[in-house]
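Working notes, beginning with the structure itself.
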Amino acid sequence: MLFYSFFKTLVGQPVTVELKNDLAITGVLVSVDQFLNIKLDNIKVVDEERYPHMLAVKNCFIRGSVVRYVQLPAPSVDTALLQDAARRERQQPAAGGRK
Amino acid sequence: MSNFFGFNTVMPGRQGGRVALNLEEQQELDRQVQKYALETGEDFEIYDYGETYDNLADDLEETRDDLNDETFGGGTDFDFARNTRQIAPALKKEEELYIKQNEHGGARRSSFASLWETDGPSQQDTFKKGLPEPSQAASSIWGSFSNTTAKGMELGAGNAGFVHDPVFGTGTFALSRPTAFGNNQPSLEEIEAQLLRTAGTQHQAPMQQERKMMSLEEVEAALMNINGGRPVYSEAMIAEQQAKQASLEQRRAERQAKQAETAKHNGLMTQSDKDFINRIQISQLVTDDPYADDFYCQVYTALRNRHLQQMGVPSNIVESESGQNTRRGNGRTEQRMQQQVQRIVSDAKRNPKRTNVTVEGALGKIAVNSVLNPRQLLQVSKRGSHNESSGGNSPKPPSPGPVSTKSHTVLGWIENVYTYVLALEQKRRQQPPPPRMGEEEIAGEAIRRWNEEYGILARKMWNELRITVPIGVVHPHPFISILNYSKGKKVIPRVLRHLLPEQTLTLLTMLVANFESLNVCKAEVYADVQGNQEIELFMNTIVPPLLGFVSEAPFRIVVGLLALFIERNNMVWVARSKPGLAFLTLFLSRAEILKQGQGNYPIPDEREINQWNELYNRLFSQLQTHFSALFLPKATMAEDVHVWRFLAAMAVGATVDQQHVLVTEVREQVLENVIAAQTTRMAPEKAAQRIGNVNLFLHALGLDASQVAVPAM
């Protein structure tokens, strides 16, 4: 749930999603779900000359499994908190067993 | 739906069947609706079998169904396949009617009789035969018409003649002749919607036409005015008007066509269907403990909101308000969803370890994975050496004997400290509320238990810091090793919040006693960028909270700490580092404040003052002849502020002789700064900063930079 929790805080921020087919799409993150499917708005393909068919597309839904990287806006990421969240996540299986 | 793009799809023969609803028919319709209501006495939405219901279900066993909700998760709401099937035929009719009405702009009113005409016998037939395939409704929506038509022919053989209906062609057959479905009776709601829609189109269409007529007349009137009351119709003008009119007409038709196309999907899912889908989605994401499962988002939002509030931005208030509104909007759904989630959570608790099920007779296993328990792609053995090197999952109690200070061991300690700090912070959030009236007994118990748990965690964290390991067993001291990592430095402010004052004092004592071995004291760390970052981190994380502690400490403790500092460390060495100077300055200035009787403490007595003076003299004699070496050789002048501050703190407590020594030693630096500020081409603010730095020291001596005589160049 860490990644889901993390991406939720980025809703409304511009991100660049690099897909496994080398397409890179920049857009405003609209929503994300537990599979890390991503919805983007106001999209723009980074290499427009190579993918002219994407010129007309304004928004898109990206299946989580086809995402290779997501480029994040650095100011809206709290790395220290992310570390803590990762620590908590590591403790989670133990906590789940205890409950 | 290509059949209404500009073509008249209604043939004369077809029109005959559709007569306008007169008053009698309306009344008949109302009567029928009322009859249904009386007969069933039930909610139409769910039980719209209508009069075709043959009471077969009365023979069914009705008892022992109290656990149905548990089994199926929510009663009838869940059976959306049936719901959709029930309304599918009605939807088709609606669609047909709607399209037709739009097409003709309400010029001709369609009959409701068509809705009912074939329902009677055929419907009852099919209902008794059994339920039809639900896929038909779906397939007609997605446009595989030929298939549907074939089925329609099979099932509704009595209406076979309509297949060749030239009006609809074979393509729309299934849409226009929805005879083959079980529950064909449209529900009350749908009839109402139908009535409304029909009425709506009737009212709108003439008005639109009227307005268009008006506009044409207006144009004429305008023309008449221009031409002195005599209308002149130029051919071109009329043609232009007509073209405009035509294009408007076309655009309107296109828009309506588009609307009609999407309208066929209206009401495809009922509200409970949508709820059901929502619940599936949200039950995966909602947790009973958001701080455990949604930690980052929760804390990040809280931090950002606090930050915004500090800046005085009210946007978060707006945001939270809108959030509340949406929540209030579907409060019932939310509540039901929460109940659902609670049930899911309790189910998960009941059998927590089950990750896959082997069903008898099934090939392979059925995985029961969830978001919180995803399928593991990597199988890493717990006993692997890799696991040990990363610190180990189970924090071992620190052994008091010889401890190794290999990097991975230390990193493991730091991680364990973090673990306890996070647990303590979590405990803080779960702090029981202060007892209310009449509940002191229960609340007192809760608070006692909370204190106990908190105490245990705090003790564990304290042990993990290894501050109490005796000095000299290992070098460097384990606690200092922790501080030598940036991770370890960062955790200190968070640790201090959970420590008792005695523990903080112990920590400070241990730090002061082993100050030399801190890596930030080494001269070479100033050489590279990373070293400077470490120093910066030390100054930002460890110094401020301890400064806060020392600035409230009594004289006795300050004297003790400084004594220990001087005793255990090489002063010349330590004073050349920024953190070392910061601590020295801290002790000196605090002692000075207390000596002058400021703060809440009484003025120290004679013996303590003597003790202090002795200490000061020792420090001074150790640092003598090294004062000018405190300035970093390569550092720019603006970075020297901590040195000047230290010199000022020294100067305040110095005797006249000592002051003289001080001045003599740093004379060169003072002059250098003053000259640089006065003569060279330097930005005014930078010059002011330099003078300010020098004045820190000079003011402590009762002098000022303006008094410094600059030797002529």
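Hydrogens, waters and symmetry mates are skipped; everything else that's a heavy atom, side chains included, is used. It should be emphasised that the depicted structure is a prediction, and the values quoted were computed from it without experimental measurement. Order of the sequence lines fixes the chain letters, A, B, ..., with proteins taken first and strands second; residue numbering starts at 1 for each chain.
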Q.
Determine whether a donor-acceptor pair (N or O, by modelled atom type, separation under 3.5 Å) exists between the side chain of B/Tyr296 and the backbone of A/Ala86.
A. no
(Q) Can you tell me if B/Tyr454 has over 12 outside heavy atoms packed within less than 6.0 Å of its OH? (A) yes
Q. Step by step, would you call A/Ser76 with B/Tyr300 a side chain to side chain contact (heavy atoms under 4.5 Å, CB included)?
A. CA-CA 10 Å; A/Ser76 42; B/Tyr300 183 86; 3.7 Å; yes
Q: Step by step, work out the side chain to side chain contact (heavy atoms under 4.5 Å, CB included) result for A/Leu81 and B/Phe295.
A: CA-CA 9 Å; A/Leu81 188 59; B/Phe295 180 79; 3.9 Å; yes
(Q) Can you tell me how far apart NZ (B/Lys490) and CD (A/Gln83) are? Round to the nearest 0.5 Å. (A) 5.5 Å
Q. Is there a donor-acceptor pair closer than 3.5 Å between any side-chain N or O of A/Thr9 and the backbone N or O of B/Cys297?
A. no
Q. Is the number of heavy atoms from other residues, nucleotides or ligands under 6.0 Å of A/Glu48 CD greater than 12?
A. yes
Q | Cationic N near anionic O, under 4.0 Å, B/Asp294 to A/Lys8 | A | yes
(Q) If I measure from the heavy atoms of chain A, does B/Lys487 come under 4.5 Å with its side chain, its backbone, both, or neither? (A) side chain
**Q.** Part of A/Val11 within contact of chain B (heavy atom distance under 4.5 Å)
**A.** neither
Q: Identify whether the distance between the nearest side-chain nitrogen and carboxylate oxygen of B/Arg494 and A/Asp84 falls below 4.0 Å.
A: yes
Q: For B/Arg497, look at atom CZ and say whether over 12 heavy atoms of other residues, nucleotides or ligands are found less than 6.0 Å away.
A: yes
